[in-house]
Amino acid sequence: MTETSPQRLFFALWPDPAVRRALAGLGREAAAGRGRPVHPEDLHLTLVFLGSVAPERLEQVTAAAGRVRFQPFELRLDHYGWWPRPRVLWCAPAEVPPPLPALFGELQRELAACGFAPEKRAYRPHITLARKVSRGRSGTLEEPIRWPVREFVLVSSRTHGDPPRYRVLKKWPADS
Ligand code: 2AM
């Protein structure tokens, strides 16, 4: 069905089922009953958040994404932590592999060229594991979660209703 109303959109890396299971397990353990865990089907790493996008701009967005070239890479998710202000428990790689900021940068450039204002804050790649965590902790994973990244996706987000809240609309593969 063609969308007729604005959609809340973002670009993301979307975990495969094994990575998703590992992240969900880590979220349960690290949150230790505090806050609201992200639904396992909603776990992701945001690349670029677009916000509300009118349906007539969707084609521009997907065309911009289609111009992005990137190399496949592996994310080694090896630590977790907590940001007190957004009250978010997250997981991230201690070392960000260069293809990730390269992908983020190219995607932002392509989107800026068609009028989407680039994010001013520094890019801090992370996966939100739980929200509304009033007192969190940080730690290192004895066994890092290895995530082979072969594609990025465009996701639409519902702000109301039960999770899962996110829906993958389209995927773009890495260069082979
Ligand atoms: P977060 O996980 O750190 O909250 C969908 O909302 C995704 O886009 C979330 O992963 C969220 O990051 C991210 N995001 C980035 N900027 C956002 C913004 N201004 N408002 C809402 N979500 C944002």
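Indexing begins at 1, ligand by ligand and atom by atom, following the structure's order. Since we're looking at a predicted model, the values are computed, not measured. Throughout, residue positions are numbered sequentially from 1 according to the sequence presented.
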Any pair with a residue in residues 64-78 that passes salt bridge (charged side-chain N to carboxylate O under 4.0 Å, His left out), sequence neighbours left out, goes on the list, sorted by first then second residue, please. R67-E110, R69-D175, E74-R146, R76-D78
Residue contacts for ligand 1, heavy atom to ligand atom, distance under 4.0 Å: R8, F10, H44, T46, F49, R121, H126, T128, R131, Y166
I need the W90 CH2 to W82 CH2 distance, nearest 0.5 Å. 12.0 Å
Fit a plane to each ring of F152 and W172, take the angle between them on a 0 to 90° scale, and name the class: parallel (under 30°), tilted (30 to 60°) or perpendicular (over 60°). parallel
Filter on side-chain hydrogen bond (donor to acceptor under 3.5 Å, both in side chains), then keep only pairs touching residues 151-164, sequence neighbours left out; what's left? none
Please examine the side chains of P37 and L129, heavy atoms only from C-beta on, and report whether any two atoms are closer than 4.5 Å. no
Residues pairing under ring pair (Phe, Tyr, Trp, His ring centres under 6.0 Å) where one sits in residues 123-146, two or more places apart or in two chains, turn out to be W83-H126, F104-Y123
